[in-house]
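First up is the structure itself, then whatever we jot down about it.
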Amino acid sequence: HLEMFATHDQRIAEGIHGWRDVTAAPRDSGKTSIRKMRAVRDILYGYEKYIGVGSANFPHARDKIKEMRDIFTENQEIIRVYGEQETGKPAHPGRWAEHDFITRTGVRVRAVTPKMKVRGFLWDGRRLTLALLDDVEDPEMVLTPLRRERLLQWLNSDIAALGEPTMNLDVIGTILHEESMLSKTLV
């Protein structure tokens with residue numbers, strides 16, 4: 001997994017934006033945990049300013065965001081080194097929900113799903129700088145050619161147009177069908 005961080009570190013060092021990563025891996029390979037920790041690091045260092053975290057449905061996207069958000073309130077070493085990130089308290093007014101939060105350093109993270117209307121996602125005059133799509137396909141979504149085509153269209157039309165011209169796109173998941181969105185974007 002170190003090569004994932006090395007590539008990411010190189011992009012940061014060289015100021016490369018607008019990258020597209022697509023990763024297919026089997027369940028329990030650690031892909032979600034690695035991407036989550038990489039996103040946490042990007043938030044702490046301000047590499048990304050507005051992140052959309054996508055999953056197949058809202059409960060899954062919310063849970064992924066909640067896990068990330070909880071790192072900022074429960075990991076004492078992160079709090080000690082980087083300070084408290086939680087907003088939404090009187091000392092730091094802001095947003096700190098399970099599906100949408102803003103850190104003390106001004107980074108916003110929010111849920112995105114294929115069933116949400118995502119056009120016009122603006123915050124503080126900014127569009128997404130990173131779309132992190134993790135398991136956006138489920139077995140129901142790949143059953144028919146029409147469903148598979150709709151999801152691919154969502155990625156190419158809605159998500160691709162959602163961010164800034166330099167938005168980074170990170171798609172990870174497990175291939176559920178040979179004609180799935182993930183399979184087609186790997187090529």
Side-chain angles (χ1 to χ4, degrees), residues 1 3-4 7-8 11 16-40 42-43 48-70 95 97-101 108-123 126-187:
H1 300 311
E3 68 276 358
M4 290 182 197
T7 300
H8 194 62
R11 289 176 180 149
I16 297 171
H17 300 284
W19 50 264
R20 305 286 185 261
D21 279 346
V22 180
T23 304
R27 300 260 180 243
D28 299 323
S29 63
K31 62 190 180 301
T32 295
S33 297
I34 291 166
R35 290 315 203 292
K36 177 175 55 181
M37 293 313 300
R38 196 171 78 183
V40 165
D42 289 351
I43 292 166
E48 301 292 350
K49 296 297 183 191
Y50 189 11
I51 302 171
V53 177
S55 199
N57 57 54
F58 185 77
H60 287 145
R62 179 198 60 220
D63 290 349
K64 289 175 190 311
I65 290 174
K66 183 181 179 308
E67 288 172 12
M68 194 181 302
R69 185 201 67 180
D70 289 349
R95 180 181 304 256
E98 291 181 341
H99 65 285
D100 186 356
F101 70 90
R108 184 173 184 182
V109 181
R110 71 185 294 183
V112 177
T113 73
K115 295 196 167 128
M116 283 176 114
K117 293 197 185 283
V118 295
R119 293 187 181 265
F121 260 26
L122 279 174
W123 170 65
R126 171 176 278 138
R127 295 190 178 278
L128 290 183
T129 59
L130 170 65
L132 175 56
L133 307 179
D134 185 355
D135 289 330
V136 293
E137 295 173 301
D138 66 22
E140 291 287 315
M141 293 175 162
V142 298
L143 282 178
T144 68
L146 179 60
R147 288 180 182 184
R148 293 189 298 270
E149 184 57 36
R150 281 183 181 161
L151 192 58
L152 187 60
Q153 184 178 0
W154 174 76
L155 174 68
N156 292 330
S157 297
D158 293 351
I159 295 298
L162 184 62
E164 296 180 356
T166 57
M167 179 186 80
N168 301 316
L169 177 63
D170 197 354
V171 181
I172 57 175
T174 300
I175 294 177
L176 302 176
H177 188 279
E178 63 186 23
E179 295 291 320
S180 68
M181 178 204 71
L182 187 59
S183 291
K184 288 184 174 185
T185 54
L186 277 170
V187 204

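In this chain, numbering begins with 1 at the start of the sequence shown. For clarity, every value in this text was computed on a predicted model and none was experimentally measured.
- Remark: R148 pairs with V142, P145, H177, E179 by the side-chain contact (heavy atoms from CB on, under 4.5 Å) rule, at least two apart or across chains.
- Applying the side-chain contact (heavy atoms from CB on, under 4.5 Å) criterion to L122, with sequence neighbours excluded, gives R127.
- To the nearest 0.5 Å, atom NZ of residue K64 and atom CZ of residue R69 are 16.0 Å apart.
- Contact of the R95 side chain with the R108 side chain is registered, since non-hydrogen atoms from C-beta on lie closer than 4.5 Å.
- A distance-only check finds a donor-acceptor pair linking the side chain of S29 to the backbone of P26 [under 3.5 Å].
- Side-chain contact between V109 and D100 is absent, with no heavy-atom pair separated by less than 4.5 Å.
- The salt bridge (charged side-chain N to carboxylate O under 4.0 Å, His left out) check on D70 picks up K66, with sequence neighbours excluded.
- Using a 4.5 Å heavy-atom threshold, the side chains of L133 and L169 count as touching.
- In this structure, the separation between CD on E48 and CG on L130 is 4.5 Å, given to the nearest 0.5 Å.
- The closest donor-acceptor contact from the side chain of E98 to the backbone of D63 lies at 3.5 Å or more, if one exists at all.
- In terms of the side-chain hydrogen bond (donor to acceptor under 3.5 Å, both in side chains) criterion, residue partners of E140 (sequence neighbours excluded) are, by chain and number, R147.
- Shown here are the salt bridge (charged side-chain N to carboxylate O under 4.0 Å, His left out) partners of K49, two or more places apart in sequence or in another chain: there are none.
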Identify every side-chain donor-acceptor pair in residues 152-165 under 3.5 Å, counting partners at least two apart or on other chains, and give the distances.
| from | atom 1 | to | atom 2 | distance (Å) |
| --- | --- | --- | --- | --- |
| N156 | ND2 | L152 | O | 3.4 |
| S157 | OG | Q153 | O | 3.3 |
| D158 | OD1 | R119 | NE | 3.3 |
| D158 | OD1 | R119 | NH2 | 2.9 |

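- For D170, the salt bridge (charged side-chain N to carboxylate O under 4.0 Å, His left out) criterion is met by R35, R38, not counting sequence neighbours.
- Once rounded to the nearest 0.5 Å, the distance linking CD1 of I172 with OG1 of T23 reads 7.0 Å.
- Within a 6.0 Å radius of CZ in R150, no more than 12 heavy atoms belonging to other residues, nucleotides or ligands are found.
- In terms of heavy atoms, P114 sits closest to S55 at CD-O, 3.2 Å.
- The CG atom of L151 lies 5.5 Å from the CE atom of M141; values are rounded to the nearest 0.5 Å.
- Scanning for ring pair (Phe, Tyr, Trp, His ring centres under 6.0 Å) contacts around H99 gives F58, with sequence neighbours left out.
- With sequence neighbours excluded, no residue forms a salt bridge (charged side-chain N to carboxylate O under 4.0 Å, His left out) with R110.
- Here S183 pairs with I175, S180 under the side-chain contact (heavy atoms from CB on, under 4.5 Å) rule; sequence neighbours left out.
- Residues forming a side-chain contact (heavy atoms from CB on, under 4.5 Å) with T7 (at least two apart in sequence, or on another chain): R11.
- Shown here are the ring pair (Phe, Tyr, Trp, His ring centres under 6.0 Å) partners of H8, two or more places apart in sequence or in another chain: W19.
- Considering only heavy atoms from C-beta on, R27 comes within 4.5 Å of T174 through its side chain.
- How far CG of N168 is from CG of L128: 11.0 Å, rounded to the nearest 0.5 Å.
- Contact check for D134 versus H60: no side-chain heavy atoms found under the 4.5 Å cut-off.
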